[in-house]
Each structure stands twice: as C-alpha cells, then as structure tokens.
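Each ligand, and each atom within it, is numbered from 1 in the order the structure gives.
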Amino acid sequence: MTAKFISKRKLTCWTPKSEADGIARKHFDFSAKELGKVRHTVRVYDTTLRDGNQAVGVNFSVEDKVKIARRLADFGVDYIEAGWPNTTNSSELEIFTRLRNERLRSKIVAFGMTRKADLSCRKDENLNALRSSNADCIAVVGKAWLFHVEKVLETTADENLKMISDSIAYLKDYGCNVIFDAEHFFDGFQDNPEFAMATVSTAAKAGAQEIVLCDTRGRSMPNEVYEITAFVKKKISKPLGIHGHNDRGLATANSLFAVMGGAEQVQGTINGVGERCGNADLVEVISNLEFSLGVQTGLDLSKLTRLSDYVYEIANLNRNYYQPFVGKHAFAHKAGIHGHAVSKFPEAYEHVDPSLLGNTRSIVVSSQTGLANIISKAKDFGLHLERTSAEAAQIMLRIKELEGAGYNLENAEATLNLVYARSLGEKLEYFDLIDWKALVSSDNNGASCQSTVKVKVDGTPFIVAAEGNGPVNAFDTALKKALENQYPELASVKLVGYRVREINAEKGTAATVRVFIEFEADGKRWSTVGVSTNILKASEEALLDGYVYFLYKKNSRC
Ligand SMILES: [Zn+2]
C-alpha cells in the first residue's frame with residue numbers, strides 16, 4: 001500500500017500566532033527560497049569503481065566492475081568513474097575496453113592526475129594511459145591547496161597552474177572531454193583563496209567542461225561548503241560539481257549544501273565505500289536530493305535498495321541494516337506504540353514511503369511489543385489472529401517469557417513463527433527425538449566426533465550414527481539421516497550459518513549461551529534460536545526448530 005504523507009503545503013498553511021510559530025514559518029520560508037534555487041537537474045557521478053575500490057577491504061576484479069557498472073547504468077547514473085588507467089596495472093586499462101563493448105547508457109570516465117612537475121605531457125606515461133583508455137570523459141585531478149603543491153609535490157604555484165592547463169589542453173587536443181577535480185579545494189580556499197581560485201579558473205580557461213570542488217579530507221562544514229561553492233559559482237562560468245569525503249560524518253550534508261550553493265554534479269559511491277571513512281554515500285545524497293530538496297535526478301529510486309545490497313554483496317562487505325533509506329531496519333517498527341501508529345498512519349513514524357526506495361516496512365515482535373505488532377506479525381506469517389483473543393494474549397506472554405530467558409526472537413523469525421503456530425493449536429509433531437549421544441576423541445592429529453541419534457517418526461524408531469568435525473555437526477548429520485527415511489525432502493536443507501553468543505559471560509564456561517542457526521533450501525532462508533547453559537542443548541533446540549519449521553511450511557503449502 002502506498003502511504004499518504006502530509007504535504008508541505010499543509011504545514012506552511014499555519015498562520016503565525018506566536019514567536020515560535022513565526023520561527024517555524026521563517027524556517028519554511030528559508031527552505032522555499034533555497035529549494036527555488038536548486039530545482040534543476042543534478043548529474044550523478046558514481047565513483048564506486050574507483051574511489052570505492054580504494055576502501056580498505058574492497059578489491060573489485062574487472063568482472064566485478066563490469067557487473068556493478070551494468071547495475072549503475074540500469075539505475076541511470078550519468079557518469080561511472082571506472083578506474084585509474086596507468087602503466088603499472090593492466091586491469092585498470094582492461095576495464096575500459098570491457099565497458100566500451102557493453103555500450104552502457106552512462107558516460108564512462110577514466111580518472112588520473114595532471115602531468116608530473118617539470119615533465120612534458122607527451123612524456124607523461126599516465127596522461128598517455130588516460131588518452132588510450134578512450135573513455136567518454138577524463139577526470140583529471142590537480143592540486144588546489146598551496147600546502148600540497150609546495151610540501152607534497154615540492155614544486156611552485158606557477159608550475160602547478162601550468163601542470164593543470166597543459167594536461168587539460170593535451171587531453172583536449174586528443175578529443176577528450178575533460179572534467180577537472182580540484183583536489184583539497186575547500187582547504188585550499190581557506191588557506192589561500194587567490195591560489196585556489198587560480199587553479200579552477202586555469203582549468204576552466206584550458207577547456208575543462210566541469211569543475212569539481214573536492215573536500216578531500218572531509219574537514220569542511222556544510223555552511224563553508226555552501227558559501228564557497230556559491231562564491232565560485234559567481235566567478236566561474238563552467239558547471240560545478242562536489243566530491244565529498246566522510247571523515248567527519250558530513251559528506252552527505254556537504255554534498256547537499258554544495259547543490260544548494262549551485263553545484264550541478266554530485267560525486268559519491270554506493271553505500272559510501274571509499275578511502276578512510278569513505279565518500280559521500282550516493283544512497284543518502286540521491287534520496288535527499290529527491291525527497292528533501294525536490295531535485296529531479298531522473299533516477300529510478302525504486303531500484304536503490306537492491307542496488308545497495310548488490311554492491312555490498314560484490315564488495316564482500318556486511319550489509320548495514322541501519323543504513324538510512326535502504327537498510328533492512330530503516331522502516332522496522334519495534335516499540336508497540338510505533339507499530340500501532342504506523343498500521344493506521346505510516347507517516348507517524350516514517351519520513352517517506354519505503355516502497356519508493358524499493359524497501360519494505362516491517363513490524364518487529366519482541367518483549368517490548370504491543371498487541372498491534374503481534375497481530376501485524378500474524379498476518380506476515382499468514383495466520384489469522386483476533387486482537388482480543390486469548391491466543392494473542394498468550395503469544396505476547398510467551399514472547400516475554402522467552403526473551404526473559406535469553407531468547408532473541410528479532411533475528412529468529414522461524415522460531416517466532418513456531419511460537420505462533422503452537423499457540424494457535426497447530427500440530428507440529430513430525431518426529432520425536434528420543435535421545436542422542438556424542439563421543440569426542442582428540443589426539444595430536446586433531447579432534448573427531450561420532451554421534452548416535454534415536455528418533456521416532458510415525459511410531460517407527462530409527463537409530464542412526466554419523467561422524468562429524470564436532471558434536472553439533474555429527475548430531476546434525478545423524479539426525480538428518482534418520483529423518484530423511486520419512487521426509488526425503490529434508491535432503492535439500494543446508495545449514496548456512498551458526499553463531500554462539502554468551503548471555504552472562506561473567507559465569508565463564510558455565511555461562512548461558514544463545515545459539516542462532518540459519519538454514520537454506522530452495523532459495524529461501526530461515527533462522528532459529530536456542531538457549532541453554534549447555535551449548536549442545538541450545539544447538540539441539542535451534543536445529544530441531546529449523547527442521548520442524550521446514551516441514552511445517554512444506555505441509556502448509558500442500
Ligand atoms: Zn575522493
């Protein structure tokens with residue numbers, strides 16, 4: 001269902017009656033003025049494949065880059081900065097050949113530096129590599145902070161300006177479209193505004209089609225970015241862009257304030273992956289451009305959640321469940337009063353309709369939950385539950401008991417589903433575990449384990465033994481073998497995750513432990529939880545729930 005949201009028009013209809021009311025109106029008037037300025041189309045420049053690849057722990061192969069580029073183009077970004085072609089890494093040149101053959105609708109950009117000091121462009125191998133990339137555009141980065149010029153490059157201000165103009169002219173001669181990235185522009189401007197301005201006006205004169213102001217250390221404040229961008233906008237006729245880093249957690253805010261100051265291109269990476277603390281997160285920037293500033297990016301935002309997940313997956317990074325707009329928990333309601341309110345008025349606790357971002361609302365059930373969440377969750381499970389029924393009260397009580405004993409049902413939906421099913425009188429008697437044993441032997445060559453399991457299925461006892469690399473693994477193998485006599489479909493079930501957490505660690509090896517197990521079959525995943533002072537007993541409980549849940553769902557479908 002598409003949620004209804006209160007329109008700004010309605011809010012601004014208030015007539016100021018007090019000082020506070022006047023302030024509220026002033027705030028909205030300010031917004032309206034700023035919004036008026038930025039109602040232009042902003043070009044989105046993605047650098048996940050270049051700056052994102054510089055994040056610690058991320059290392060995209062050529063194949064990974066091609067896959068992500070296809071998704072970015074399908075999403076509709078204007079530019080894809082694909083890499084830094086150079087003579088020392090052949091894969092950085094290969095990606096441009098591959099992407100040319102893909103004929104993507106986004107412009108492909110090659111990134112590189114201005115020529116080295118005191119070297120001609122013709123002899124500069126990296127500039128020649130940029131030319132040979134045959135990319136749609138070249139982003140050439142030059143220093144805009146005198147400190148860097150004198151101390152890091154160890155050259156002069158004049159030579160640095162020549163490096164900028166020569167490099168752009170050299171690439172333009174070859175027919176390249178050039179974007180100039182003014183590195184450390186905001187730091188450089190605050191240190192020596194005349195020099196910083198000379199770098200961007202030199203680039204503009206040399207033929208750069210866009211000038212990108214970079215907050216390379218992520219040190220700037222949004223008001224500084226706004227004012228400096230607005231100043232440069234008045235002096236430079238070429239369109240401006242913003243490249244923000246997140247070292248102070250301000251990259252999204254700085255990108256938005258640059259747009260309010262007149263920038264027409266925003267740079268960043270999907271999920272904010274990048275050097276140190278990362279780049280501006282395009283997920284946040286794009287969503288705020290659309291929903292907060294009313295800028296039309298022309299992008300299909302309903303693909304944003306899947307794009308974010310995809311990049312996490314290819315980058316081999318854990319998803320951030322709390323990520324604004326696209327996180328699994330971004331629209332999850334846990335407190336009872338919240339769940340109750342959003343079931344009637346989604347805008348009560350949601351700033352935007354999650355379906356616009358391809359995300360979904362979820363109602364979380366826990367001991368802090370009210371009846372509204374309990375009823376809403378029953379619907380998710382395909383069960384009918386009346387708000388005033390004894391079963392609803394019983395389920396709430398059972399959840400509180402379980403969480404009091406150390407269970408965490410928020411991450412174990414299959415166990416929670418079984419709590420509901422049992423309370424509603426569902427028969428879940430697929431098998432009866434009589435007993436099981438495990439024998440662990442350890443010697444200098446390692447440890448091994450044997451387990452014997454006795455189960456009764458439909459009155460027939462089965463005794464099965466199996467080996468494993470530990471007691472849980474041996475028990476699981478033996479149990480599954482025994483159950484497959486009656487339920488061969490269990491062969492498709494795999495364990496894909498097993499986590500143990502101490503609940504009262506101060507008791508050392510006698511601590512109560514919580515075991516989470518994740519299962520997978522036929523492309524579906526489910527999680528269960530078990531709790532005990534004995535790790536084997538907690539594992540047994542979570543394992544049994546996992547197999548019972550599978551059989552229950554299989555039976556419900558028949
Ligand atoms: Zn950067």
Side-chain angles (χ1 to χ4, degrees), residues 43-60 65 68 72 77-86 89 92 95 108-114 126 130 135 137-145 147-149 152-153 164 167 178-189 196 199-200 203 208 210-222 224-225 228-229 240-259 263 265-286 311 315 317:
R43 291 177 292 286
V44 174
Y45 183 112
D46 182 281
T47 179
T48 306
L49 305 183
R50 199 278 301 170
D51 229 345
N53 203 30
Q54 290 175 218
V56 174
V58 173
N59 196 1
F60 295 126
K65 284 189 170 189
I68 292 175
L72 289 167
V77 301
D78 298 276
Y79 297 99
I80 298 173
E81 192 174 81
W84 188 335
N86 59 72
N89 185 349
E92 287 289 289
I95 183 65
I108 304 302
V109 186
F111 174 89
M113 288 184 74
T114 53
N126 289 331
L130 279 175
C137 288
I138 307 292
V140 63
V141 61
K143 302 284 184 193
W145 185 5
F147 161 74
H148 261 264
V149 173
V152 181
L153 293 185
I164 293 170
S167 304
V178 181
I179 295 170
F180 179 67
D181 280 4
E183 194 188 32
H184 296 288
F185 182 79
F186 294 95
D187 288 320
F189 189 94
T199 63
V200 292
E210 286 180 84
I211 308 284
V212 180
L213 310 179
C214 304
D215 187 31
T216 312
R217 294 191 303 165
R219 187 215 57 83
S220 303
M221 287 290 288
E224 295 164 355
V225 170
I228 294 171
T229 306
L240 300 181
I242 176 72
H243 178 101
H245 274 267
N246 204 32
D247 300 69
R248 294 194 178 178
L250 293 168
T252 297
N254 283 337
S255 303
L256 297 173
F257 272 74
V259 170
Q265 185 212 90
V266 285
Q267 299 199 349
T269 62
I270 300 297
N271 303 325
V273 289
E275 281 274 355
R276 306 181 308 279
C277 311
N279 289 60
D281 180 359
L282 282 182
V283 168
E284 292 178 359
V285 173
I286 292 166
V311 170
L317 295 172

Nearest 10°: the angle subtended at the Zn ion (ligand 1) by H245 NE2 and H243 NE2?
100°
Counting distance only, does the side-chain N/O of K65 pair as donor-acceptor with the main-chain N or O of F60 below 3.5 Å?
no
Is it true that a side-chain atom of H245 and a backbone atom of G278 form a donor plus acceptor pair closer than 3.5 Å?
yes
Any N, O or S atom of E275 closer than 2.8 Å to the Zn ion (ligand 1)
no
Measure the acute angle between the ring planes of Y79 and Y45, then classify it against the limits of 30° and 60° as parallel, tilted or perpendicular.
tilted
For D51, what is the atom name of its N, O or S atom nearest to the Zn ion (ligand 1)?
OD2
Decide whether D187 and H148 meet the rule of one side-chain donor and one side-chain acceptor closer than 3.5 Å.
no
